[in-house]
Amino acid sequence: MKKFYCALIFAAMFIFFSQVHPIVLFDGDDWNVISDARTGLPKWGGWNPIKILPETFFPICGYFSAYVVNPIVGDYLTAFTFTAALILSAFVTVYVFLFVLFAEKVLNLDKLAAKFFGIIFLLLHFAIFLKHNTQNNPYLFCTTDADCYFNYVLPNLLNAALILFAARVDVTKNFFGNMTRASATLFLAIYLGIFSNIFSSCTLAIFIFVELIGRVERRKFKLGKFFVDNKTFFMIIFFWLISLLFEANGGRAGSIVHEENFFVTLFQTAATTLQSLLFDNHASALIIFSAITTLFIFRQARELWRVIKNFWLCLPLWMIYIILVAARVDEAYALRPDVQFGFFFFVFVIFAAALSFWIKKFPRAAFILPILCFALFTWIFSGKRTLCPSTYNHVPEKICMEVSRHIIDQIIAADKAGLEEVVVTVPKGDDELDNWPHPLYMGENISRTLHVHGIISRRLKVKILPNVTLNKRFNLP
């Protein structure tokens, strides 16, 4: 039954990320990182010192799509879309499956109810930002391009999945005493989670910190014994702090730090972030319901209270951290759905815990779960509202594919003609950003990518030439 459930989740997500809102190669970052694999170790002073997960998985996705999927489907761009959808769908499936196990063991739900909770949990990721009769609504799995799927969405899913695992399994009790398949897999997952993205890894670090605080026993507290008993959690916090130190001394961090008065920026960032998190979506309704229910849980369900209070404590700590980081670099980061993921993850878990209280208190109320799943699904995919494409400026994915095909066809034709260099026409972009999303410096990157992926026989010198007539041809602004 669990295999069928996971297969259903995976199939639904694969259809979504390959057909409904496919992941496509389009802008300059996509063509750069997909073939520029890094060493799987943090690099002091590098441009992105700690982004090991995104900057290894994205190139792996590129090579797999080029040499395994492309020969099967016969189209390079489509092969990438299928491969990226495959990877993302697998991450989402594991994420939801771990939530179902969390609901069974920690929330004490029966197997059927836990599966319905898993569906509700997944659908909330698509529903939280929806507004009536509007286009291009964001959701928690959307981002700005294919590159950001690996930079933000995958790290979000991995770190949240690790939290769901740690909340269910006590990894401090000899879990890493011996090398086993489970311990090795978890160790690698923690490593990739920490060294992925500082906006994503903070969710895991905050949860572990709150767990540590909750384990302090005032009357029997001995620092040495406490450290030994919880050394796994302390090591996670330690390496997370190391990752912050690496990132603070990286090239990207140095290039985007604000020069304005930090405290003025901090106040502005706090105001806009709180507005976005609490009032520009449906989270307030879930929070109010959960807060009222928590009062009953505190009085009547002490075991559930010990669980839900930790997630409540994570919320303000997460907001403080994100506000401080965004105020230091750019407040716009705190408004991105793929950065806000951690906040809503905690909200969804709290909501699930609150809902489970009433389901257990009134068992017949469980009959509302399939109705709630159905209502959420039909509400999300109503024709009165649409979800936004994960592309620059919300350009429709079909147009992105057409533009990318126009670009690579010119390079392939030049390679077949035996040319050493080629002028490639691209749509006119943003003058302030060097013709973004197809910057003038993109030529070398796309030539390298097509060559290492076996699409062209050698690297060509590619000059990018913006052509405004292409904007009309492809219906671009």
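Atom set for the values below is all heavy atoms of this structure, side chains included, hydrogens, waters and symmetry mates excluded.
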(request) Please name all residues satisfying salt bridge (Lys or Arg N to Asp or Glu O under 4.0 Å) with K43, sequence neighbours left out, ordered by chain then number. (result) none
(request) On the 0 to 90° scale, with breaks at 30° and 60°, tag the F141-Y139 ring pair as parallel, tilted or perpendicular. (result) perpendicular
(request) Go through the side-chain N and O atoms of T172 and N230 and say whether any donor and acceptor fall under 3.5 Å apart. (result) no
(request) Could you tell me whether the side chains of Y95 and H125 share a donor-acceptor contact shorter than 3.5 Å? (result) yes
(request) Return the set of residues passing salt bridge (Lys or Arg N to Asp or Glu O under 4.0 Å) with K428 (not counting sequence neighbours), or none when no residue passes. (result) D431
(message) Can you tell me if F221 has over 12 outside heavy atoms packed within less than 6.0 Å of its CZ?
(response) yes
(request) Return the set of residues passing ring-ring contact (aromatic ring centres under 6.0 Å, His included) with Y191 (not counting sequence neighbours), or none when no residue passes. (result) F195
(message) If the test is side chain to side chain contact (heavy atoms under 4.5 Å, CB included), which one of D280, N281, L387, T134 qualifies with F129?
(response) N281
(request) Kindly assign one of parallel, tilted or perpendicular to the pair F226 and F234, based on the angle between their ring planes and the thresholds 30° and 60°. (result) perpendicular
(request) Taking atom types as modelled, find out whether N156 and S200 have a side-chain donor-acceptor pair closer than 3.5 angstrom. (result) yes
(message) Tell me if the centroids of the rings in F207 and F346 come within less than 6.0 Å of each other.
(response) no
(request) Test L315 against W312 for side-chain contact (heavy atoms from CB on, under 4.5 Å), laying out the working first. (result) CA-CA 6 Å; L315 278 180; W312 274 117; 3.9 Å; yes
(request) Flag the pair Y321 / W240 as yes when their ring centroid distance falls below 6.0 Å, and as no otherwise. (result) yes
(message) Between N151 and K51, do the side chains contain a donor N or O and an acceptor N or O under 3.5 Å apart?
(response) yes
(message) A side-chain contact here means heavy atoms from C-beta on lying under 4.5 Å apart; do I213 and L313 qualify?
(response) no
(request) Look at the side chain of N249 and the backbone N and O of L245, then say whether any donor-acceptor pair between them is shorter than 3.5 Å. (result) yes
(message) Is it true that T391 and E397 share a donor-acceptor pair across their side chains at a distance under 3.5 Å?
(response) no
(request) Using the salt bridge (Lys or Arg N to Asp or Glu O under 4.0 Å) rule, pick out the option among R168, K2, K111 that qualifies with E104. (result) K2
(message) Is it the case that the ring center of F117 lies less than 6.0 angstrom away from the ring center of F121?
(response) no
(message) Looking only at the side chains, is there a donor atom on one of S390 and Y149 sitting less than 3.5 Å from an acceptor on the other?
(response) yes
(request) Validate the cation-pi geometry between R302 and F298: distance from NZ or CZ to the six-membered ring centre under 6.0 Å, angle to the ring axis within 45°. (result) yes
(message) Between F351 and F289, is the ring centroid distance below 6.0 Å?
(response) yes
(request) Taking S382 for its side chain and T378 for its backbone only, find out whether a donor-acceptor pair lies under 3.5 Å. (result) no
(message) One thing to verify: whether R336 and D330 come together as a salt bridge, which I'm taking to mean a side-chain N less than 4.0 angstrom from a carboxylate O.
(response) no
(message) Is the distance between the ring centroids of F199 and Y333 under 6.0 Å?
(response) yes
